[in-house]
Amino acid sequence: NAEAVKVGMILTYSGPNASLGELIDRGASLYVKLHGKELPAGTTVEIIKRDDTGINPDLAKRLAQELIVRDQVNILTGGQWTPNTMAIEALSKQAKMPYVVMGAGGSNVTWQEPYVIRTSFTVWQSSYPLGQWAAKKGYKTAYTLVSDFAAGHDAEAAFIKGFTAGGGKVMSSVRVPMKTTDYLPYLLKVKEANPDLLFLFNPGGPAATAFMKAIADIGITTSKIKVIGTGDITTDEELPNMGRAPLGVITVHHYSAAATRKANLDFVAAWKREYGANSTPSFFSVGGWDGMKAIFDAVRAQKGKMTPDATMAYLRNWSNPDSPRGPIHIEPETGEIVQHEYVRRVEERDGHLANIEIETLAATGDPEKQFKAKP
Amino acid sequence: MSSTLINILFFGLSYGMILYMTSVGLSITMGLMGFVNLAHGVFAMLGGYATVTLMNSLGVPFFPALLAACIMVTVLGFVLERLLYRRLYGATELDQVLFSMALIFISVAIARIFWGPLAQPIALPKYLHGHIDLIGATIPTYRLFLLVFGSVVAAALWLGFDRTLFGARVRAAVEDHAMAEAVGINTDRLFALTFGLGTGLAALGGGLGAEILAISPGYPLQYIIFFLIVVAVGGLGSIKGPLYASLIIGLADTATKYIMPEAGMIFVFAFVFLLLRWRPQGIVSRRKG
Amino acid sequence: MSAVLDLCDVTAGYGPTVIIENLSLALQAGEVLAVLGRNGVGKSTLMKTIVGQTRLHRGEVHLKGESIGRLPSYRRALSGIGYVPQERDIFGTLTIEENLRISARSGRWTVEAIFELFPNLAGRRRNRGDEISGGEQQMLSIGRALVGNPSVLLLDEPMEGLAPVIIDQILKVLHTLRSAGGLVIVLVEQYALMALEFAPRTIVLDRGRAIFDGRSIELSGNPELMASCLGLSGSLA
Amino acid sequence: MSELPVLEARELNKAFGPIAVTRNVNMSLMRGERRALIGPNGAGKTTFVNLLSGRLRPTTGNVFLNGIDVSRADEATRSKLGIGRTFQITSLFPALTAHENIFLALAESAGFGMHILRSARSYGSLHDRADELLEKVGLLGAAATSVQQFPYGQQRLIEIAVALALEPKVLLLDEPAAGIPTSERDLILDIVKALPSDIAVLLIDHDMDLVFRFAQRITVLVQGAILVEGSPAEIAADQSVRDVYLGERS
Amino acid sequence: MTRPTDTALPGKGMPAIPASKRWLEAVPWLLALGTYAAAPQYAPLLTQIFVMILFAMSLDLLVGYTGIVTLGHAAQFGTGAYVAGILAARGWITDPTMTAVIAMVAAGCIGLFFGSLMLRTKGLAFLMLSVASGMFLYEIANKATGITGGDDGLQGVVFSPLLGLWEFDFRGTTAFFYSFVMLFLTFIFLRRVVNSPFGWSLRGLRENDLRMSAIGCHNYRRRLTAYTIASTLAGLAGAVQAQCTGFVALNSLSFELSGAVLIMLILGGSGRLYGAMFGVPIYMFAQDYLAKRDPTNWFLWQGIILLILVLFARGGVLSLAERGFHACCRRRPG
Ligand SMILES: Nc1ncnc2c1ncn2[C@@H]1O[C@H](COP(=O)(O)OP(=O)(O)OP(=O)(O)O)[C@@H](O)[C@H]1O
Ligand SMILES: Nc1ncnc2c1ncn2[C@@H]1O[C@H](COP(=O)(O)OP(=O)(O)OP(=O)(O)O)[C@@H](O)[C@H]1O
Ligand SMILES: [Mg+2]
Ligand SMILES: [Mg+2]
């Protein structure tokens, strides 16, 4: 009469985007490793991993379908890409299957979907406050340069809304195709426009490094143009690759590995023990960590006897006052995460670059939902 | 205004040179030897990994690391040619596609096991960092270096292939293996040599281009289209073609990005489309004597 | 006196299929052999066996005393076998000049000498191999074999598609090569009469076997034998 | 009232870059005519055939088929209108069988090429016709063998059979006898003789024996231009033809 | 026997299945139904396999029969998927069969358009043009977020019950039978096509297109017809995909999909419709199995399997099977 809870986790484990999947998986696995034993007697949790190979909603949906029908999981999780997540959500609604999203950042992910919560973030959550902050600091003109995909469009819209509301002026908004490898021509144009601010958004990873190097190469970092963006452009795992180019870049995000909160120090230490001193957790990892904690909390709360509706009722009111990123909770109406955002500057610490938190902004849910809710 | 023009010209040409450096190896294995080697990127990636690893783990300086990487990958190319590639010389292009895709899959997985999923940072020597200001234009040092280096490589290849009979022998052997042997060409050795050269150049391109085309396990798949475009637009079997193609595409890409950043990739593809409609055999083709 | 080219009991074919069976043949320096036979009896296959493009099932091929039967094709070419294949097999993507240059080895025949012999080719030296006329391709094929300065020349229907004047000219060249240079020539020809006239010795193949091997006059002087071997009526002879 | 030529070339010119390969060639083929075209290598015979059949476009000049200008029509159209040809350098469908090679030609000329849903097997009369043609060239026994496995000489015969399958009004034969033993060349003459008498045939060959037995008239092409035209006897006696083409023999 | 029999098998000089062994043709279909009966939880995977087989078969008409190697076939697949998806998402037409038909027409038009631009070229140039055509549509779909949802994918795609009777359920039962029937119909159709004079002429084009025009074939028009037919069927595959998953995303137009379907086809063996029926399941089952065993490194195993197959089963799995089959036939006396 042991209670076996099955968790189906769909992430990208192969292909060009495997690095992000690995970061989420490592965060989630670290939680399981450290706290996975803390369960009611007789209860076990089995995690079944599936590879969606990248942005591939058809496959993701099929995998979810199989996890539900074939493996009879109790909870679905993962959710690295917005399109994949959206495809799975339709299914989670049909099959009444709780779904914990650990990675995707598209606003509409949790939009009125009854069986979904999110432990990651939305792009609006960081870009909008950044716009407000920049306007408040007295910057007048901005140039936005975002990667041409859904999150990029969100970032552009959110920043512009925050910045212009505070009195700033956007000179030009350019979307860079995802397949681009050479950023110099775009930056050349930025340099000629000579704005106060260059707002950047890209999907992180190699693109972020390439962008940052190009910015340095063309001499923007040494000019009066201030480079700002969301945490994606200086992710903790890419910083070591960027040389000294990003020094002084300002970003707003909900997590920095360099944060000195106790919960984070412990988290980072555990991470380095587990994955090596050269490895650094990122905001994706913390999404995985918190997502897994939410799932285990739900299992503990129901003593392993899982029903979809009880699980959802619990998850919708879940909170973690002591997450590595500070206190977080889920907004019951939307399933959306509410968290603090931090203004950070890239500085040198112990011979390495790090995102140093310099200011904490008030905790919010997803600003876009709030705008939409008020017609 | 004129400094903008200089900038576009310079960035376009130097970007073109990056395309050239990473693709020229393919124009040899595919263009000259006729092997549909979609796995070209594998050798470029390995060149990049070898360079980066030698630099980061063993502290070898950039240029010696690059040279060592080329040699290592060339040797690997030889071995693979002897063991695998040569079995498929006579096969249909479809079988070659399948074969090279298999190699890509394997190498992607192996790269991931050895180097992890993240892109590898390449720390260029200090003197290649930053930028030089020239009559109002900002010129990144590394791009300038690539432009010079690429020209040297192109010139060397041109002298080696077009001015000697090496290229003609390779083409003869590809076109009619049996007849080439019958006029006394050791096709086996010739192919091994050529293939080695192609992989060596791929490695060189991978190492040199690592700054712009980041070295990660997905590399062979991610950039495959770039390589193919350069070879197709350049013209099969030509040595000069890929250079012209790279430079033209580099320039066109840079100009559209600057002039119409909203247009995105559509214009690059439209441009390639028009180029190929205009000259289906490529810019420099052996079809039109 | 040892033979320049010596085939001992050769059985060969494509893959498992046997086309040439138990064929023996020895040719001395300066000797010229005509190979005759109907379509599909294995004339070309015999040539290919000497060049190394078939599978040698049994037997031996010697060139100047050296066993070449198991050598790769290019080694045979380097040791002195020149080959004009029936279907010309010009390298179509190479220029005329490249076609010749990649085959050239030092000796009497140089690329320029070939251009002198075939002025047609000289005018087209920068054209691609597939841009010249059928006859010009044939000339190029012959030129390509000559420029390798071989000691054994295998000609598989070399006169096909050539104008009568050119044929005369080539026959003259072959005559001088044979008498002056001791070149061994094996000639497959559909113009049986011309071949019999040119070559002192003839073999006639039928389904992979030699059904006649002897002096050409024995054949051309004997209408019945001609008819039985080649299907040629006596009146034609 | 003089009869209209079936095929007529008027002032035909063709140049490859700077090289003029066909120069002001005029030629008329009458119904049922048996004409030979000879000339030194590289004289432009194949090019001329290519101009007539539509593989190449003339630089200037026109081609008329039954009085209609077909100079702008492409090869396929001209084939449909009744120009059939063989190729000096064998051009077949190597992986298909001899039967399939011929069937394809039959189906195209019958205009069935776009029949998408009916099984090719059900075109019984075409198959019979294909077998008939194979019989004619003596290869019926090997009908199901893919043509790449045929010896060269037999491929040449299939080449002819494919051309015949088109039931052309004008048949252009570019060195059809190449690779066929002297003893069997009569077969080609027999095949041509057996053709309906209204078909015009233009034959190119370097085998003078064949040419003289075949032709009613002979045109000699040299360096892209017509040197002389005449009956076989006239041509054989012509000193200029001897000088540039025939040489001492014959 | 000079006349080939009507069958999907005769490929590049391969002998056909003898008439006495024709029952073999029923095996794959029974196998598919049997698999479902034994393990209904595999329905989603089987459905996706059917869709890919359908897609691969349409590609085979180009690659295997006509000798047109394209890396842009997803352009038509995606068009079909988006057209069906958008019709349903907007609530304009939600009937599955109607949307499928419209999707096919749309994909056929797209194929006709691109084909007319590209088919005068051959070889590598064509290959790159086809890549460009795919990229083109991809970029357009990516930019037109208002219509396609950009890379968020198309939301809210709900089709009405099939023939008004069967709902597309989350267990995938309806989807399974629907895709099965569509595949079967397509197969029957394609089988007729490749065995018709038209189909033969495509093989002629593959073998020697210059000769084809000399016997009176308008090569360009013929190729364009083949391309349009293949496009239409690819559009059907896309539509079925959209209907069975209830979602459409940019990857249905992607270069990766074009590449993957080509690999599956070659793996099975091109130039005989059954190649797709072997290649796709082998590839997808292997992928499914390996990816579950080892989500991070399954690429390695997949690569090794492909490598072994290409080294030892040249011409695809089907070639290997055929060789074995004919060896058996020959050995048996009589
Ligand atoms: N590549 C091949 N594979 C298998 N069989 C072949 C091949 N080439 C030729 N053959 C067969 O070998 C036999 C001999 O062919 P070969 O070409 O030697 O004849 P040939 O005497 O030169 O004829 P021709 O006078 O037509 O040139 C023929 O039956 C032919 O079908
Ligand atoms: N595509 C081409 N480009 C350039 N020159 C060409 C091309 N095709 C043919 N020629 C040249 O045109 C001339 C005529 O060629 P053509 O093939 O018509 O000769 P031909 O009379 O048929 O000769 P043969 O008797 O040798 O077959 C030749 O000198 C040839 O080199
Ligand atoms: Mg022969
Ligand atoms: Mg000719």
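Lettering follows sequence order; numbering is per chain, from 1.
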Per-residue contact mode, D/E159 against chain E (heavy atom under 4.5 angstrom): both

Any donor-acceptor N or O pair under 3.5 Å, side chains D/T60, D/N13: yes

Step-by-step side chain to side chain contact (heavy atoms under 4.5 Å, CB included) determination, E/L262 to E/I266: CA-CA 6 Å; E/L262 186 63; E/I266 305 171; 3.9 Å; yes

Region of D/T145 in contact with chain E, defined by heavy-atom distances below 4.5 Å: neither

Residues D/E75, E/S213; criterion side chain to side chain donor-acceptor pair (under 3.5 Å); working and verdict: CA-CA 6 Å; D/E75 195 175 17; E/S213 56; 2.9 Å; yes

Max heavy-atom pair count under 4.5 Å with chain E, selected residue of D/A107, D/A105, D/G54: D/A105

Cation-pi, D/F214 ring and D/R34 (6.0 angstrom, 45 degrees): no

Contact class of E/I229 relative to chain D, heavy atoms under 4.5 angstrom: side chain

Part of D/S91 lying under 4.5 Å from any heavy atom of chain E: both

Under 4.5 Å from any heavy atom of chain E - which part of D/R78: neither

Test side chain to side chain contact (heavy atoms under 4.5 Å, CB included) applied to E/N219 and E/D209, E/L224, E/L210, the passing residue: E/D209

Contacting region of E/T225 [heavy-atom separation from chain D under 4.5 Å]: side chain

Heavy-atom pairs under 4.5 Å with chain E, option from D/L104, D/N101, D/D74 with the top count: D/L104

Closest approach of D/R185 to D/I180 (non-hydrogen atoms, all atoms of both residues): NE-O, 2.8 Å

